[in-house]
Engineer: 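I'd like to ask some things about the structure below.
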Amino acid sequence: MAKVNLSEIALPQELIIVDDVEYMVEALPATYALQFMEKYQEALQSGKSDLSTMKEVICRSVSKDKKLIDAKRFDVVFARKFMHLSKLYQEVLSFNFQDVFEQPDSED
């Protein structure tokens, strides 16, 4: 029986800590990430932020206390914590798009 390589069938995950709160972040599926990048680019070009996309990304990829933060939990977990939410969102983007945001080495 062939061994199953989980890295080929499961999305990568990483524990991140924001303001002393632990979250498990799962990588966005590649197709969704491409759709996100298109929306993000459109928002940058228009000068408008798309806050509903922030919620969508968090609800799709972040768990707290071993439970996915769905739409109901989102409203409770982040009530009156908008700066915390913003920091978490930036960490999620960094995790998912680190190769896009990394600067290439200037030295050869």
Side-chain angles (χ1 to χ4, degrees):
M1 179 181 244
K3 289 186 179 181
V4 175
N5 184 350
L6 290 179
S7 68
E8 293 179 5
I9 60 171
L11 294 168
Q13 295 182 336
E14 183 173 298
L15 179 69
I16 63 169
I17 300 173
V18 177
D19 298 331
D20 297 324
V21 179
E22 291 184 355
Y23 297 96
M24 181 60 69
V25 179
E26 182 175 84
L28 297 170
T31 300
Y32 177 81
L34 289 173
Q35 293 167 343
F36 168 83
M37 289 189 334
E38 185 174 52
K39 283 184 193 178
Y40 191 73
Q41 186 64 33
E42 288 171 2
L44 287 176
Q45 290 173 345
S46 71
K48 296 179 181 179
S49 59
D50 186 357
L51 299 178
S52 64
T53 301
M54 179 188 294
K55 180 180 178 181
E56 184 180 317
V57 167
I58 297 292
C59 289
R60 185 176 191 108
S61 64
V62 180
S63 297
K64 182 176 183 258
D65 302 327
K66 298 184 181 184
K67 296 178 191 166
L68 185 65
I69 298 176
D70 60 12
K72 275 186 177 179
R73 290 193 76 215
F74 181 92
D75 287 337
V76 174
V77 170
F78 300 112
R80 299 181 53 191
K81 297 178 185 171
F82 298 108
M83 287 308 297
H84 177 81
L85 172 60
S86 179
K87 290 178 193 177
L88 174 61
Y89 183 60
Q90 291 305 313
E91 290 294 324
V92 171
L93 293 184
S94 178
F95 171 69
N96 279 285
F97 301 103
Q98 64 189 359
D99 61 335
V100 174
F101 296 129
E102 283 179 353
Q103 295 292 337
D105 290 340
S106 58
E107 298 176 17
D108 292 328

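Predicted model only: the values in this text are computed from it and were never measured.
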Engineer: With sequence neighbours left out, which residue pairs that include part of residues 69-81 fulfil the salt bridge (Lys or Arg N to Asp or Glu O under 4.0 Å) condition?
Structural biologist: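 Passing the test, one end in residues 69-81: no pairs.
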
Engineer: Same hydrophobic cluster for Met24 and Phe95, using side-chain heavy-atom links shorter than 4.5 Å among ILVMFWY?
Structural biologist: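 No, Met24 and Phe95 fall in different hydrophobic clusters.
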
Engineer: How long is the gap from CD on Glu26 to CD on Glu14, to the nearest 0.5 Å?
Structural biologist: 12.5 Å

Engineer: Grab the two heavy atoms, one from Cys59 and one from Ala71, that are nearest each other, plus how far apart they are.
Structural biologist: SG-N, 3.9 Å

Engineer: Would you kindly confirm whether Leu34 and Tyr32 end up in one hydrophobic cluster when ILVMFWY residues are joined by side chain heavy atoms under 4.5 Å apart?
Structural biologist: yes

Engineer: I need the Thr53 OG1 to Gln35 CD distance, nearest 0.5 Å.
Structural biologist: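 Here the rounded value is 11.0 Å.
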
Engineer: Does a side-chain heavy-atom distance below 4.5 Å link Glu91 with Val25?
Structural biologist: no

Engineer: Any non-hydrogen side-chain atom of Leu11 less than 4.5 Å from a side-chain atom of Leu28?
Structural biologist: no

Engineer: Would Tyr89 and Phe97 show up in the same hydrophobic cluster when neighbours are defined by side-chain heavy atoms closer than 4.5 Å?
Structural biologist: yes

Engineer: Please tell me whether Leu93 and Val18 are part of a single hydrophobic cluster in this structure, the criterion being side-chain heavy atoms less than 4.5 Å apart.
Structural biologist: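 They do share one cluster, since a chain of ILVMFWY contacts under 4.5 Å joins Leu93 to Val18.
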
Engineer: At what distance, to the nearest 0.5 angstrom, does CZ of Phe78 lie from NZ of Lys64?
Structural biologist: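 Taking CZ in Phe78 and NZ in Lys64, the distance rounds to 8.0 Å.
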
Engineer: Could you give me the CA-CA distance, side-chain angles and deciding distance for Ile16 and Leu88, then say whether side-chain contact (heavy atoms from CB on, under 4.5 Å) is met?
Structural biologist: CA-CA 9 Å; Ile16 63 169; Leu88 174 61; 3.6 Å; yes

Engineer: Do side-chain atoms of Ser46 reach the backbone of Glu42 as a donor and acceptor pair under 3.5 angstrom?
Structural biologist: yes

Engineer: Taking it one step at a time, do Leu68 and Val62 satisfy side-chain contact (heavy atoms from CB on, under 4.5 Å)?
Structural biologist: CA-CA 6 Å; Leu68 185 65; Val62 180; 5.8 Å; no

Engineer: Let's go through Ser63 and Ile69 carefully: what are the C-alpha distance in whole Å and the side-chain angles of both, what is the deciding distance for side-chain contact (heavy atoms from CB on, under 4.5 Å) to 0.1 Å, and is it a yes or a no?
Structural biologist: CA-CA 5 Å; Ser63 297; Ile69 298 176; 5.9 Å; no

Engineer: Flag the pair Lys66 and Glu22 as a salt bridge only when some basic side-chain nitrogen lies within less than 4.0 angstrom of an acidic carboxylate oxygen.
Structural biologist: no

Engineer: Given Lys39 and Glu56, is the side-chain contact (heavy atoms from CB on, under 4.5 Å) satisfied, shown in steps?
Structural biologist: CA-CA 12 Å; Lys39 283 184 193 178; Glu56 184 180 317; 3.6 Å; yes

Engineer: Students often mix this up, so state it plainly: with edges at 30° and 60°, are the rings of His84 and Tyr23 parallel, tilted or perpendicular?
Structural biologist: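 Because their plane-to-plane angle lies in the 30° to 60° range, the rings of His84 and Tyr23 count as tilted.
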
Engineer: With a sphere of 6.0 Å drawn around CD of Gln13, does it hold more than 12 non-hydrogen atoms of other residues, nucleotides or ligands?
Structural biologist: yes

Engineer: Using modelled atom types and a 3.5 Å cut-off, is there a donor and acceptor pairing between side-chain atoms of Ser86 and backbone atoms of Phe82?
Structural biologist: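 No, because the side chain of Ser86 does not come within donor-acceptor range (under 3.5 Å) of the backbone of Phe82.
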
